[in-house]
Amino acid sequence: MITLALSKGRIFDEVQPLLAAAGIAPLEEAESSRKLIIGTTDPGLRIVVVRASDVPTYVQYGAAELGVAGKDVLLEHGAQWGDRGLYQPVDLGVARCRLCVAVPIGFDYANAVRRGARLRVATKYVQTAREHFAAKGVHVDLIKLYGSMELAPLAGLADAIVDLVSSGATLKANNLIDVEEVAKISARLIVNQSALKVRREELMPFIARIEEASAAFSG
Ligand code: ATP
Ligand code: MG
C-alpha cells in the first residue's frame with residue numbers, strides 16, 4: 001500500500017482533478033469526512049489528510065511515501081532537492097501563486113530599504129523571509145504569525161508582510177500592495193527518498209501517472 005499525504009482545502013481541490021485524470025479517486029469526500037485516512041479507487045493507494053505544513057514531515061519520516069505540498073511549505077520546511085530525505089520530482093503546475101513582500105499602499109518600501117531602515121515584517125514564513133531579506137542585505141525584525149497576515153500592518157504590528165498572493169484582491173481589500181516577489185509558488189509532488197529506492201517498482205507507476213496527468217493539464 002502506498003500512502004499519499006494531502007491537505008484539505010486548496011491543495012486537495014486543485015490536486016483532485018489531476019488524480020482523477022490519473023485514475024485515482026478518493027472513496028470519500030475529504031472536505032466533509034471526519035476520516036483522516038481515505039481509501040481510493042486504486043486499491044494500492046490511500047490518502048492521509050494532514051495540515052498543509054505537516055505534509056513534508058510525513059513524507060520525510062516515511063509515514064507517507066508520497067505527498068503534495070506547496071513550494072512555499074517546502075521552502076519553509078527547508079526541503080531542497082535531496083535534503084531531509086525528500087525528493088521533489090514533479091511540479092504539478094496547480095495551486096499557483098507568488099510569495100511576496102507587501103506593504104500598505106503609499107508606504108515607500110524602496111526608500112525605506114535604501115535608507116537602511118529596520119523593517120518589522122510579519123509572516124507565517126519566517127525562515128524563508130529571513131533568507132530573502134538577508135540575501136538582499138535588508139534589516140528586518142521578523143514576527144511569526146499563523147494566519148491573517150494582512151491585518152498586521154493595519155493593526156500597527158508590522159511595516160510589511162510576507163504572504164502568498166494570487167490576484168492581489170485580498171491585499172487590495174486591506175489597502176496593501178505587493179512590492180517584491182520572494183518566490184513563484186506551485187504544488188509539488190514529493191517522495192520519500194528511501195521509499196523511492198526500496199519500493200521503486202511500486203511507486204514509479206503512481207509518480208508517472210500523476211506526472212502525465214499534470215503535463216496534460218498544463219499542456
Ligand atoms: P493550514 O490550514 O494548515 O494553516 P493553509 O491555510 O496554508 O494551511 P491552504 O490555505 O489550503 O492551507 O493553502 C495550502 C497551500 O495552497 C499553500 O501552502 C499554497 O501552496 C497554496 N495556496 C494558498 N493560497 C493560495 C492562493 N491564493 N492561490 C494559489 N495557491 C495558494
Ligand atoms: Mg489558509
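Both counts, for ligands and for their atoms, begin at 1 and track the order of listing.
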Visitor: For ligand 1, which atoms sit closer than 4.0 Å to a heavy atom of Gly70?
Guide: 20 (O)
Visitor: Which atoms of ligand 1 sit under 4.0 Å from any heavy atom of Ala95?
Guide: 29 (C), 30 (N)
Visitor: Below 4.0 angstrom from a heavy atom of Ser166, which ligand 1 atoms are there? Numbered from 1 as shown, please.
Guide: 26 (C), 27 (N), 28 (N)
Visitor: With a 4.5 Å cut-off on side-chain heavy atoms, are Leu92 and Val68 touching?
Guide: yes
Visitor: Please indicate whether any nitrogen or oxygen in Lys71 is less than 3.5 Å from any nitrogen or oxygen in ligand 1.
Guide: no
Visitor: Need the ligand 1 atom indices (1-based, order shown) with element for anything under 4.0 Å from a heavy-atom of Val73.
Guide: 18 (O)
Visitor: Can you confirm whether Leu119 sits close enough to Tyr109 that some side-chain heavy atom of one is under 4.5 Å from a side-chain heavy atom of the other?
Guide: yes
Visitor: At a 4.0 Å threshold, what atoms of ligand 1 neighbour a non-hydrogen atom of Ala52?
Guide: 3 (O), 8 (O)
Visitor: Would you call Asp141 and Arg120 a salt bridge, taking side-chain N to carboxylate O under 4.0 Å as the test?
Guide: no
Visitor: Hey, is Arg199 close enough to Glu65 for a salt bridge, meaning N to O under 4.0 Å?
Guide: yes
Visitor: For a side chain to side chain contact (heavy atoms under 4.5 Å, CB included) check, start with the C-alpha distance between Ile37 and Arg46, then their side-chain angles and the critical distance, and finish with the verdict.
Guide: CA-CA 7 Å; Ile37 301 179; Arg46 64 177 186 174; 3.9 Å; yes
Visitor: For atom 30 (N) of ligand 1, state which one of Arg10, Lys8, Glu14 supplies the nearest heavy atom.
Guide: Arg10
Visitor: Taking distance alone, with no angle check, do Ser7 and ligand 1 share an N/O pair under 3.5 Å?
Guide: no
Visitor: Do the side chains of Ile2 and Leu66 get nearer than 4.5 Å, heavy atoms only?
Guide: yes
Visitor: State the atoms of ligand 1, each with its element, that fall below the 4.0 Å cut-off from a heavy-atom position in Leu164.
Guide: 17 (C), 19 (C), 22 (N), 23 (C), 24 (N)
Visitor: Hey, does Arg51 come in under 3.5 Å of ligand 1, counting only N/O atoms on both sides?
Guide: yes
Visitor: Does only the side chain of Ile185 get under 4.0 Å from ligand 1, or the backbone, or both, or neither? Count heavy atoms.
Guide: side chain
Visitor: Do the charged groups of Arg209 and Asp42 touch, with an N to O distance under 4.0 Å?
Guide: yes
Visitor: Under a 4.0 Å N-O cut-off, is there an ion pair linking Glu180 with Lys136?
Guide: yes
